Protein chains: 2
Amino acid sequence: MSAAREDVVHEIAARRLRGVGHRYTGQRRRLIDILARAGQPLSIPEILHGRRGLAQSSVYRNLSDLVDAGVARRVLTGDEFGKYELSEDLTEHHHHLICSSCGRTTDVTLPRPLEKRLDRVIDDVAHAAGFADVIHRLDAIGTCSDCARR
Amino acid sequence: MSAAREDVVHEIAARRLRGVGHRYTGQRRRLIDILARAGQPLSIPEILHGRRGLAQSSVYRNLSDLVDAGVARRVLTGDEFGKYELSEDLTEHHHHLICSSCGRTTDVTLPRPLEKRLDRVIDDVAHAAGFADVIHRLDAIGTCSDCARR
DNA sequence: CTTCCTGCAAAAGTTTTGCATTAAC
DNA sequence: GTTAATGCAAAACTTTTGCAGGAAG
């Protein structure tokens, strides 16, 4: 995919964090790695699971800082937990397939022309309602193959 | 808009609740009224605010029952609270403009042809990934006019 | 009159905060 | 050396649950 190479992602993350007065510490670098390798949004319990040396409170604080710096974003899945992923300019514009039964979330992309048309229409509608700097969030919610079997 | 008249909404709500073994009580009827008149998703604090005779726990329970019966749905706004609205077959298919700064949420609709194309493409993509019974959720997130002024 | 719903209070579960210690620059 | 980040524990906040009393069918 068109995602930036990992070292470039780290450079960008470091720059943006410094831009908002934060340091690029080991734990923050590690979180970026975890999110970059996941390829799907992760909840804090998922991030903590099987990894040592990460205090829950620090992970919450750091993900929040990464969001503030524009390096990550919080995804709403209807799961009980919030999930996090790298921001789109570090990966690529994509959408989510969310299983309404188990919360499983998969990244998907749509054809370029459809995306462009969507963006135009949404921009028009949003401006008419007085909204500025609008991005869109399009997710599909259904039943994944595992849950359909039950 | 093409929304059903209020009394029809109540009939449908009553039928669907009975269908899952629930009664159509005064409080449930009242919640339907509140959601129907709001024209935008409401959080539980918003529902409780300025209304007497609604116990918080019962509102949580009843909204959950309304969702189970297919009369309402839970909307994720990034606000700290979950918000609820009537299900789309009782109103009409629409989307949300969400202010990332203050959480203000406004309903909007998109052109029919775009919606149809979206549905087709999402259906294809979802099926390819093994998902069934997919609906789409498209929201626009930006800055509302009030927050832009600050 | 039996079953489900309601309200209150308490519990559970996710996220945030205070503070002393440690690491970054 | 100064300022910010970390880990632990405790607190805050949203949502769920237990239970006794009340309403629905």
Side-chain angles (χ1 to χ4, degrees), chain A residues 10-11 13-35 41-49 51-69 71-85 102-103 105, chain B residues 10-11 13-34 41-49 51-69 71-85 103 105:
Chain A
H10 284 303
E11 273 173 41
R15 192 177 333 123
R16 291 191 190 165
L17 277 165
R18 279 189 212 104
V20 295
H22 287 138
R23 296 167 181 170
Y24 198 44
T25 63
Q27 184 172 134
R28 286 171 187 166
R29 165 178 281 271
R30 194 170 165 199
L31 285 171
I32 295 285
D33 275 333
I34 292 169
L35 293 180
L42 296 179
S43 66
I44 273 100
E46 284 168 345
I47 290 172
L48 295 174
H49 185 77
R51 290 190 183 89
R52 310 197 330 156
L54 291 174
Q56 192 190 51
S57 63
S58 299
V59 172
Y60 271 102
R61 262 191 281 237
N62 279 328
L63 287 173
S64 174
D65 290 340
L66 293 179
V67 170
D68 290 345
V71 182
R73 76 179 182 115
R74 194 166 192 261
V75 179
L76 301 164
T77 65
D79 220 354
E80 56 261 65
F81 297 94
K83 294 187 176 179
Y84 292 83
E85 66 182 9
C102 70
T105 304
Chain B
H10 284 303
E11 273 173 41
R15 193 177 331 124
R16 290 192 191 163
L17 278 165
R18 280 191 212 102
V20 294
H22 288 138
R23 295 168 183 170
Y24 198 42
T25 62
Q27 182 169 136
R28 285 173 187 165
R29 166 178 280 270
R30 194 171 165 201
L31 286 171
I32 294 286
D33 275 333
I34 293 169
L42 297 178
S43 66
I44 272 100
E46 284 168 345
I47 290 172
L48 295 174
H49 185 76
R51 291 191 182 89
R52 310 197 328 157
L54 291 174
Q56 192 190 52
S57 63
S58 299
V59 173
Y60 271 103
R61 262 191 281 234
N62 279 326
L63 287 173
S64 175
D65 291 340
L66 294 180
V67 171
D68 290 345
V71 182
R73 77 180 181 115
R74 194 165 193 261
V75 180
L76 301 164
T77 65
D79 219 353
E80 56 262 63
F81 298 94
K83 294 186 175 178
Y84 291 83
E85 66 182 10
T105 304

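Residue numbering restarts at 1 for every chain, and letters A, B, ... go by the order of the sequence lines. All figures in this text were calculated on a predicted structure; none of them were measured in a lab. Reckoned from all heavy atoms, side chains included, excluding hydrogens, waters and symmetry mates.
Mapping heavy-atom proximity under 4.0 Å, the span of DNA chain C touched by chain A runs 5' to 3' from dT14(C) to dC25(C).
Summarising the geometry, the separation between CG on L66(A) and P on dA4(D) is reported as 18 Å, rounded to the nearest angstrom. Distance R30(A) CZ to dA5(D) C1': 15 Å, rounded to the nearest Å. Residue I47(B) contributes atom CD1, which lies 14 Å from atom P of dT14(D) at whole-angstrom precision. If you measure from atom NZ of K83(B) to atom C1' of dT14(D), you get 15 Å, rounded to the nearest angstrom. Whole-Å rounding puts the L54(A) CG to dA5(D) P distance at 16 Å.
Looking at residues two or more places apart in sequence or on another chain, you find a side-chain contact (heavy atoms from CB on, under 4.5 Å) between R61(B) and S57(B). With sequence neighbours left out, the side-chain hydrogen bond (donor to acceptor under 3.5 Å, both in side chains) criterion links D33(A) to H10(A). Take S43(A) and apply the side-chain contact (heavy atoms from CB on, under 4.5 Å) test, not counting sequence neighbours, and it matches P45(A), E46(A), F81(A), K83(A). Not a single side-chain hydrogen bond (donor to acceptor under 3.5 Å, both in side chains) links R30(A) to another residue, sequence neighbours left out.
The phosphate of dT16(D) (OP1 or OP2) has no side-chain N or O of Y60(B) nearer than 4.0 angstrom.
Each of S57(B) and H22(B) lies near DNA chain C, and the nucleotide nearest H22(B) is the one positioned closer to the 5' end. Annotation: of the two residues near DNA chain D, P45(B) and V59(A), the 5′-most nearest-nucleotide partner is V59(A).
Taken to the nearest 0.5 Å, the CZ atom of R29(A) stands 14.0 Å off from the CG atom of N62(A). The structure places CZ of R28(B) at 5.5 Å from NE2 of H22(B), a figure rounded to the nearest 0.5 Å. Between atom OH of residue Y60(A) and atom CG of residue D65(A) there is a gap of 14.5 Å, rounded to the nearest 0.5 Å.
Residue D65(A) is out of contact with every strand shown, counting any heavy-atom pair closer than 4.0 Å. Residue R18(A) is out of contact with every strand shown, counting any heavy-atom pair closer than 4.0 Å. Among the heavy atoms of the strands lying under 4.0 Å from Q56(B) is at least one base atom, whether or not backbone atoms are also near. G21(A) comes within contact range of no nucleotide atom at all, as no heavy-atom separation falls under 4.0 Å.
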Using atom names, set out every protein N or O paired with an N or O of nucleotides 19-24 of chain D below 3.5 Å, distance rounded to 0.1 Å.
from: dA24(D); atom 1: N3; to: R23(B); atom 2: NH1; distance (Å): 3.4

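Side-chain contact between L66(A) and L17(A) is present, with heavy atoms from C-beta onward closer than 4.5 Å. Considering only heavy atoms from C-beta on, L31(B) stays 4.5 Å or farther from Y84(B) through its side chain.
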